[in-house]
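Atoms considered below: every heavy atom in the structure, side chains included; atoms not considered: hydrogens, waters and symmetry mates. First listed ligand is number 1; within each ligand, the first listed atom is number 1.
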Amino acid sequence: MEIKTDFLIIGSGIAGLSYALKVSESGSVAIITKKKDTESNTNYAQGGIAAVLSPTDSFDLHIQDTLKVGAGLSNPEVVKKVVEAGPGEIQELIKIGVNFTKKEIGFDLGREGGHSRNRVIHAADLTGKEIESALIKAVKNKKNITIYEDHIAVDLITQHHLKEYQRKPGEKIKCWGAYVLDIKKNKVNKFLARITLLATGGAGRVYLHTTNPDIATGDGVAMAYQAGARVANLEFFQFHPTSLYHPKGNSFLISEAVRGEGGKLRLKSGKTFMESYHPSKELAPRDVVARAIDSELKKGGDPCVYLDITHLDEAFVQNRFPNIYSRCLSLGIDITRDWIPVVPAAHYMCGGVIIDLEGKTDIDNLYACGEVTMTGMHGANRLASNSLLEAVAFANFAVESSKRKFKHEKSFEFPQIPEWSTKGVFDQKEWVIISHARQEIESFMWNLVGIVRSNSRLQMAKDRIDILLKEINQFYHRNPVTYEVVELRSISIVAELIIRSALLRKESRGLHYNQDYPDKDDQNWKKDTILSEVGSIGKVGLN
Ligand SMILES: Cc1cc2nc3c(=O)[nH]c(=O)nc-3n(C[C@H](O)[C@H](O)[C@H](O)COP(=O)(O)OP(=O)(O)OC[C@H]3O[C@@H](n4cnc5c(N)ncnc54)[C@H](O)[C@@H]3O)c2cc1C
C-alpha cells in the first residue's frame with residue numbers, strides 16, 4: 001500500500017504534535033506513531049518547562065545557566081534563540097488548553113538543579129501528560145491530520161532504495177518519506193511525503209535502568225544515521241539521579257522538583273552526603289548528583305540511597321506531587337513519612353541527529369526536532385526542564401522553514417519508489433535471538449558505558465557490540481520485519497554510536513566521565529563528537 005501526504009511526521013510527542021498542528025495550515029499531514037498516540041517520553045515529564053516568566057528573571061540569566069551546565073559545548077546562538085522563544089511558546093501552549101499550576105498571583109514557578117531562578121512552569125507533577133493530552137486534542141480537531149497508531153517507521157526512503165539509481169558526485173541525499181510497518185496487519189507500507197519530520201524522541205531503552213518508556217529506542221537516530229545524516233555528541237547521556245528503587249516501580253522518576261522543594265539525599269544510616277560533592281548540595285547539576293550517588297553506592301555496597309521530604313507539610317506534598325505521592329503509596333511508601341529509595345537511571349539523550357536553526361538535517365526534505373536531535377542547546381549536559389522547551393521551540397522553527405520550502409516549490413515529483421523488498425526473507429523461527437541480544441546490550445551498556453566509564457570497559461563494550469551488530473543485521477535481512485526486530489536494530493546501532501563517541505572523547509566533560517581522563521581538556525576537546533559513516537570530531541556549523 002502507498003500513502004501520499006504533504007508532511008509525514010514520525011512520532012507523536014511534544015515535538016511531532018507541535019509541528020503537526022501548525023504545518024497542517026499548509027497541507028495534508030500524516031502522523032505515524034508506534035504505539036498509542038499519547039505514548040511518548042513527553043507523557044511522563046513531571047517537572048515542567050523552563051522559561052523566563054518572572055520579573056526577577058531575565059533571558060540573560062537563563063542563557064547563562066544553560067551555557068554553564070552545557071560545559072562549553074552549547075552553541076550560544078541556539079541557546080539565545082530558544083530561551084527567547086520560551087515565553088511565547090508557553091503562551092501558545094496555554095492557548096491550546098494546557099492548564100499550568102497557578103498561585104494566587106501568576107503561575108507557580110519551580111526551581112530545579114542548575115537554575116539560578118525559579119522558572120519551571122508545571123502542571124503539578126504531571127506536566128507532560130497535560131501537554132500531551134492538550135496537543136492530541138488540538139491535533140484531532142484538524143481535518144487534514146491523520147494519526148496512524150501502531151505504525152512503526154522502519155527505514156527512511158532515500159536514493160539508496162531506488163533501483164539502478166546512481167547518486168551524482170556532490171548530489172545531496174534526498175528523503176521521500178518512510179517505509180512503515182503496520183504492526184497490527186504485519187505489513188510494510190510506503191508513506192511518501194514532500195517533507196518528513198523525525199520526532200522519534202530519545203533512547204533511554206538502550207540502558208538496563210531508565211526512566212524512559214518502552215518507545216524510547218533511538219529509532220530516529222538509527223534511521224537518520226543509516227540514511228547518511230550526521231549525528232553528534234551521543235556520549236552525553238544524562239542519568240537522572242533519582243528513579244524509584246522498587247521491584248514494581250521500574251522506570252518511575254522521582255522528579256528533581258522534589259529536591260527543589262528541599263528534599264535531602266541520605267544514606268541508609270541517615271547521613272547526608274551531597275555537601276561533600278558540591279556547594280549546591282542536592283541542587284547541584286544532575287551529572288554531579290548522579291555520580292555522587294553512584295560513588296556512595298559503590299563505596300557502601302548498598303543497592304540504593306534515600307530521598308527524604310518528610311520535613312515538608314503533608315498537605316503540601318500531596319498537592320505539589322500528587323503523582324509521585326500516589327504511585328509511591330501504591331507500593332507501600334508514604335513519602336510524607338518514609339524516605340524514598342532511589343537510584344540513578346538513564347534519562348535523556350543530549351546528542352542526536354544534527355540539525356540547523358531551521359530544524360533541517362543533512363538530508364534534503366528531512367527535518368527533525370525534539371530529543372532525537374542535537375541542536376547545540378544542551379552541549380555536554382542538559383539543564384533541567386530545557387528539553388520540552390527546546391522541542392517545542394524547534395518544532396516552530398521547523399514549521400516556519402517547512403512552510404517556506406513548501407510554498408517555493410512549485411512542483412514536486414516522486415521518483416519510482418519500489419515496494420518493501422521481502423526477497424530472500426523467511427521466518428527462521430529463531431526469535432529467542434532477539435530477546436537475548438536486547439538483554440545483553442541493555443546490560444553491558446549499563447555496566448560498561450554507564451555513569452562512570454573507563455577505556456578498558458568502553459573497549460570491551462565496543463568489541464561486543466561489533467559482533468552483535470553483525471548478527472542482528474543478518475537476522476534483520478533474513479527474517480520478516482517485526483516491531484521487535486526494528487527496535488533491536490535501532491538499539492544496537494545507537495549503542496554502537498554511543499560507545500564510539502565515548503571512545504573518541506579523551507577527556508571528561510559534562511555527562512561524559514572517563515576515569516582514565518578525569519579532567520576537562522578545553523585545549524583539545526572543546527568540540528562536538530560528530531559521527532558520519534567515518535568518525536570525526538569538529539564543531540557543528542550552522543547553515
Ligand atoms: C520520566 C521523564 C520525565 C521528564 N521530565 C521532564 C521535565 O520535567 N522537563 C523537561 O523539559 N523534560 C523532561 N523529560 C524529557 C522530555 O520529556 C523529553 O525530552 C521530550 O518529551 C521529548 O519529546 P519528543 O517529542 O522529542 O519525543 P517523545 O515525547 O518521546 O515522542 C516520541 C514519539 O515518537 C514515536 N516513535 C519513536 N520511534 C518511532 C518509530 N520508529 N516509528 C513511529 N513512531 C516512533 C513514539 O512512539 C513517540 O510517539 C522527561 C523525560 C522522562 C522520560
Side-chain angles (χ1 to χ4, degrees), residues 8-20 30-51 110 112 120-123 125-129 131-132 135-136 147-156 178-183 191 197-205 210-224 238 240 242-244 251-257 260 323-324 345-350 352-353 368-373 377-378 382-392 394-395 483 486-487 489-490:
L8 170 65
I9 297 171
I10 308 177
S12 61
I14 188 171
L17 295 175
S18 304
Y19 179 88
I31 302 177
I32 60 160
T33 188
K34 64 179 169 176
K35 286 207 167 174
K36 296 286 152 250
D37 52 17
T38 51
E39 189 56 7
S40 57
N41 271 4
T42 302
N43 204 38
Y44 296 88
Q46 296 179 352
I49 311 188
E112 294 186 348
V120 181
I121 187 163
H122 59 95
D125 59 351
L126 287 161
T127 310
K129 199 168 180 193
I131 294 173
E132 182 79 27
L135 281 168
I136 285 283
I147 304 183
Y148 295 83
E149 292 182 316
D150 300 306
H151 278 64
I152 183 167
V154 178
D155 223 352
L156 295 170
Y179 288 109
V180 177
L181 174 70
D182 177 338
I183 297 165
F191 277 69
L197 176 86
L198 271 183
T200 47
R205 288 279 152 184
T210 175
T211 62
N212 292 189
D214 290 348
I215 53 95
T217 51
D219 301 1
V221 170
M223 282 189 286
Q238 186 166 63
H240 198 288
T242 55
S243 81
L244 185 63
S251 294
F252 188 70
L253 178 79
I254 307 295
S255 165
E256 185 151 341
N323 179 36
I324 297 175
H347 185 56
Y348 184 82
M349 178 174 76
C350 284
V353 180
C369 56
E371 195 169 335
V372 65
T373 61
M377 175 79 181
H378 309 305
R382 175 188 69 129
L383 181 65
S385 288
N386 261 355
S387 41
L388 290 170
L389 171 66
E390 181 207 39
V392 75
F394 265 92
Y483 182 88
V486 176
E487 288 201 338
R489 190 159 172 259
S490 301

Looking at ligand 1, would A216 count as a contact under a 4.0 Å heavy-atom criterion?
no

What protein heavy atom lies closest to atom 30 (O) of ligand 1? Include the residue and the distance to one decimal.
N41 N, 2.9 Å

Looking at K34, E112, E390, the heavy atom closest to atom 44 (N) of ligand 1 belongs to K34

Heavy-atom contact under 4.0 Å between I14 and ligand 1?
yes

Between ligand 1 and T33, can you find any atom pair, the residue atom being a heavy atom, that is separated by under 4.0 Å?
yes

In this structure, does ligand 1 have an atom that sits under 4.0 Å from one of the heavy atoms of A199?
yes

List the closest protein heavy-atom neighbour of atom 38 (N) of ligand 1: residue, atom name, distance to the nearest 0.1 Å.
D219 OD2, 3.4 Å

Are a donor atom and an acceptor atom from the side chains of H122 and T127 found within less than 3.5 Å of each other?
no

Going by the 4.0 angstrom heavy-atom rule, the piece of H151 near ligand 1 is backbone

Nearest non-hydrogen protein atom, atom 25 (O) of ligand 1
A15 N, 2.9 Å

Ligand 1 contacted by E487 (non-hydrogen, < 4.0 Å)
no

Please state whether H347 comes within less than 4.0 angstrom of ligand 1, counting heavy atoms only.
yes

Return yes or no for this condition: an N or O of K35 is under 3.5 Å from an N or O of ligand 1.
no

Does ligand 1 have an atom that lies less than 4.0 angstrom from a heavy atom of N212?
yes

Please list the nearest protein heavy atom to atom 7 (C) of ligand 1 with its residue and the distance rounded to 0.1 Å.
G48 O, 3.5 Å

Among all residues two or more places apart in sequence or in another chain, which pass the side chain to side chain donor-acceptor pair (under 3.5 Å) test with Q238?
R286, N381, R382

Contact partition for T211 relative to ligand 1, non-hydrogen atoms under 4.0 Å
both

among protein heavy atoms, the one nearest atom 21 (O) of ligand 1 is T42 OG1, 2.8 Å

Region of A391 engaging ligand 1 - heavy atom pairs below 4.0 Å:
neither

Of G201, G202, A45, the residue with the heavy atom nearest atom 4 (C) of ligand 1 is A45

Minimum non-hydrogen distance to atom 46 (C) of ligand 1, winning option of I183, L389, I215, V486:
I215

Closest non-hydrogen protein atom to atom 12 (N) of ligand 1, residue and atom name please, with distance?
S387 OG, 2.7 Å

